[in-house]
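Let me begin by presenting the structure, written as structure tokens, before commenting on it.
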Amino acid sequence: MPYYLRFVDAFPTVQDLAKAPEEQVLKLWQGLGYYSRARNLHATAKIVANNFDGQFPNTYKELKSLKGVGDYTASAIASFCFDAPEPVVDGNVYRVLSRYFGVDIPINSTKGIKYFKELAREVMDSGNIRDYNQGIMEFGAVQCAPKKPYCLLCPLQESCIAVKDGKVSELPLKLNKTKVKNRYFNYVIPIDPENNTILEQRTGKGIWQNLYQFPLVESDKNLKTEELKLLIQGNGQLPEYESLSLYNNETIVHKLSHQHLHTKFWILKTSYILEEGTSWKKIGDFPVPVLIADFIKTFKI
DNA sequence: AAGCCGGGGAG
DNA sequence: CTCCCAGGCTT
């Protein structure tokens, strides 16, 4: 709610969002993760403002053509906002349908995605699509929960196949475990005599696209001070240092679903004035990943 | 079809 | 600690 309220306060209309700089959008999104959603939302606002005269399209097909709007979101908007008879299939719906009908097709397989969408369409209440769609999702979230669902007091327990077969805890079936990759991050925080530092924007692919961070030295293992010193020798992006010291004695392990980031923060004191740098007072203006935000919070310059 | 993308909460 | 969670895009 705090994120939502700040967001709509900053961008009351689609035009406001469309004309905002991406940095402001990302700053308001900071901490939520999945930053591509913020970028897609921003891109879609521009399309709606510029190509649709500020009017959201009202059909599933047109909605789905918007960036970041896939099958679920297009169905949700079309049904909630325009009363279109489109069934929503989110994680909750997968759970309710797979259990109630006893379907063990993996929900993340091509076959499963198609099967559950068709099943959802068959059982939906077209004449009351808003309440139906929101109801089945809420039912999945509150009653037919992932763990410890309330089967004993469930109004559907007598006709639920999973209850009958004792397979509630096994459904829905999902394939593919994510394997975790270990990465070793060394953030080097330059501090000059005027308390300037250096922030860089992450570009290209991968995590935290377009967010900011301190100069990063990635390695294939944890580094000792001398090893880092060797690596940053002749590194054009870092100034020569008076001192280089490790800030966190314990390596910080920042865990994403698919990556464990073993992180060390190094304080690099320099006597150069970082003309192109960022004043420490202003670093709060930049959108940064939680890992960086947590460091900034604890570090006293 | 498989992989990638973040962070938080529950137990 | 470990386990679990979602929807869309890219490769």
Side-chain angles (χ1 to χ4, degrees), chain A residues 1-4 25-44 47 60-61 63-80 86-99 105-117 120 133 136-138 140-142 144-150 168-183 185 202-213 250-263 287-295 297:
Chain A
M1 283 304 293
Y3 278 91
Y4 173 77
V25 179
L26 286 173
K27 186 65 193 175
L28 284 160
W29 203 270
Q30 178 180 313
L32 284 177
Y34 290 102
Y35 299 98
S36 64
R37 291 177 173 176
R39 297 192 304 270
N40 286 337
L41 194 61
H42 190 211
T44 282
I47 293 167
Y60 170 88
K61 193 175 173 185
L63 286 162
K64 186 139 173 346
S65 75
L66 299 171
K67 267 192 180 173
V69 178
D71 180 79
Y72 163 75
T73 310
S75 300
I77 298 173
S79 64
F80 300 171
E86 294 290 341
V88 292
V89 185
D90 73 345
N92 298 301
V93 176
Y94 278 123
R95 194 162 50 250
V96 173
L97 294 180
S98 66
R99 286 174 176 170
I105 305 170
I107 62 171
N108 55 347
S109 64
T110 303
K111 186 180 172 190
I113 291 167
K114 194 159 176 271
Y115 184 92
F116 283 101
K117 179 81 180 185
N133 273 342
I136 190 171
M137 287 195 288
E138 187 73 359
V142 174
C144 194
K147 286 180 274 190
K148 295 191 178 183
Y150 299 93
V168 172
S169 65
E170 297 168 34
L171 294 173
L173 192 61
K174 205 187 287 189
L175 293 179
N176 306 332
K177 310 276 182 197
T178 56
K179 50 184 177 223
V180 177
K181 183 180 171 189
N182 287 302
R183 301 177 72 182
F185 279 13
R202 287 184 70 94
T203 54
K205 294 164 189 182
I207 59 174
W208 303 333
Q209 205 180 321
N210 295 6
L211 271 65
Y212 288 78
Q213 63 181 9
E250 294 282 320
T251 300
I252 295 165
V253 186
H254 187 75
K255 294 182 174 178
L256 310 179
S257 56
H258 55 302
Q259 296 183 19
H260 286 184
L261 308 176
H262 303 256
T263 308
V288 297
V290 165
L291 176 61
I292 301 294
D294 285 348
F295 167 79
K297 254 184 274 172

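Note on naming: letters A, B, ... go to the chains in the order of the sequence lines (proteins, then strands), and numbering restarts at 1 for each one. Keep in mind it's a predicted model, so treat the numbers as computed, not measured.
- Rounded to whole Å, the separation between the C1' atoms of B/dC5 and C/dC5 comes to 14 Å.
- Nucleotides B/dG6 and C/dC4, compared at atom P, are 22 Å apart to the nearest Å.
- One can place NZ of A/Lys147 at 11 Å from P of C/dC3, the figure rounded to the nearest angstrom.
- Counting heavy atoms of neighbouring residues, nucleotides and ligands inside a 6.0 Å radius, atom OH of A/Tyr115 does not exceed 12 of them.
- When heavy atoms are screened at a 4.0 angstrom cut-off, A/Gln209 is found touching no nucleic acid atom at all.
- Atoms NE2 (A/His260) and P (B/dG7) sit 13 Å apart, rounded to a whole Å.
- Ranking B/dG7, B/dC4, C/dC5 by closeness to the A/Lys174 side chain, first place goes to C/dC5.
- Protein atom CG of A/Leu26 is 12 Å distant from nucleotide atom P of B/dG7, rounded to whole Å.
- For the pair A/His258 and B/dC4, the criterion of a side-chain N or O lying under 4.0 Å from OP1 or OP2 is not met.
- Counting only heavy atoms from C-beta on, A/Ile207 has its side chain closest to B/dC5 among B/dC5, C/dC5, C/dT2.
- One finds a side-chain N or O of A/Trp208 lying less than 4.0 angstrom from the OP1 or OP2 phosphate oxygen of B/dG7.
- Using a 4.5 Å cut-off on side-chain heavy atoms (C-beta onward), A/Leu26 and A/Arg39 make contact.
- When the P atom of B/dC4 is taken as reference, atom NZ of A/Lys181 falls 8 Å away, rounded to whole Å.
- Residues A/Tyr60 and A/Val69 have side chains not in contact (no heavy-atom distance under 4.5 Å, counting atoms from C-beta outward).
- When the side-chain nitrogen and oxygen atoms of A/Tyr35 are compared with OP1 and OP2 of B/dG7, one or more of them lie within a distance under 4.0 Å.
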What pairs of nitrogen or oxygen atoms, one from the protein and one from nucleotides 8-11 of chain C, lie under 3.5 Å apart?
from	atom 1	to	atom 2	distance (Å)
C/dG8	OP1	A/Gly70	N	3.2
C/dG8	OP1	A/Thr73	N	2.9
C/dG8	OP1	A/Thr73	OG1	2.5
C/dG8	OP2	A/Tyr72	N	3.3
C/dC9	OP1	A/Gly68	N	2.7
C/dT11	OP1	A/Lys205	NZ	2.7

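- Counting to the nearest Å, the P atom of C/dC3 and the CG atom of A/Leu256 are 17 Å from each other.
- Counting to the nearest Å, the P atom of C/dC5 and the CZ atom of A/Arg95 are 7 Å from each other.
- Taking A/His262 as the reference, A/Asn182 meet the side-chain hydrogen bond (donor to acceptor under 3.5 Å, both in side chains) condition, with sequence neighbours excluded.
- Contact of the A/Pro149 side chain with the A/Arg95 side chain is not registered, since no non-hydrogen atoms from C-beta on lie closer than 4.5 Å.
- Taking atom C1' on both C/dC9 and B/dG8, the two are 23 Å apart, rounded to the nearest angstrom.
- Straight-line distance from the CZ atom of A/Arg202 to the P atom of B/dC5: 9 Å, rounded to whole Å.
- The NZ-C1' distance, from A/Lys255 to B/dG8, rounds to 13 Å in whole Å.
- Contact of the A/Leu256 side chain with the A/Arg183 side chain is not registered, since no non-hydrogen atoms from C-beta on lie closer than 4.5 Å.
- A residue-by-residue look at A/Lys148 and A/Tyr3 shows that A/Tyr3 has its nearest nucleotide of DNA chain B further toward the 5' end.
- Considering only residues two or more places apart in sequence or on other chains, A/Leu41 meets the side chain to side chain contact (heavy atoms under 4.5 Å, CB included) condition with A/Phe7, A/Leu17, A/Trp29.
- Considering only side-chain N and O atoms, A/Gln259 lies nowhere under 4.0 angstrom from the phosphate OP1 or OP2 of B/dC4.
- Rounded to the nearest Å, the gap between the P atom of C/dG8 and that of B/dG9 is 23 Å.
- Residue A/His254 places no side-chain N or O under 4.0 Å from the OP1 or OP2 atom of B/dG6.
- Under a cut-off of 6.0 angstrom, the local environment of NZ in A/Lys67 is sparse, with at most 12 non-hydrogen atoms contributed by other residues, nucleotides or ligands.
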